[in-house]
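Heavy atoms only: backbone and side chains are in, while hydrogens, waters and symmetry mates are out.
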Amino acid sequence: MAQTTRTVLAFDGICGIIVAILGIFCLPAVFRLISVPDNLMRYALIYGRIYFSDSRL
């Protein structure tokens, strides 16, 4: 049981890091796809990067 728990936690941590990195770097493309106005793009990117880098996700 302890080995399974460690494996699941390690897998979860690795997946979380991958999703955070992909999210941070893909935000500009995603925001362009959903037509975020240019005057809001800077603030949307800041918010999105903070959201994806939050360790409590």
Please list, chain by chain and in numerical order, all residues satisfying side-chain contact (heavy atoms from CB on, under 4.5 Å) with [X], sequence neighbours excluded.
X: Arg49; answer: Ile24, Leu27, Pro28, Leu45
X: Ile14; answer: Ile18
X: Arg42; answer: Ile46

_CG on Asp12 to CD1 on Ile17, rounded to 0.5 Å_ =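 Between atom CD1 of Ile17 and atom CG of Asp12 there are 10.0 Å.
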
_A quick test of your reading: do over 12 heavy atoms of other residues, nucleotides or ligands sit less than 6.0 Å from CG of Asp38?_
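At most 12 heavy atoms, drawn from other residues, nucleotides or ligands, come within 6.0 Å of this atom.
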
Hydrophobic clusters here meaning ILVMFWY residues chained together by side-chain heavy-atom distances under 4.5 Å, can you tell me if [X] and [Y] are in one?
X: Ile21; Y: Phe52; result: no
X: Tyr47; Y: Leu22; result: no
X: Tyr51; Y: Leu33; result: no

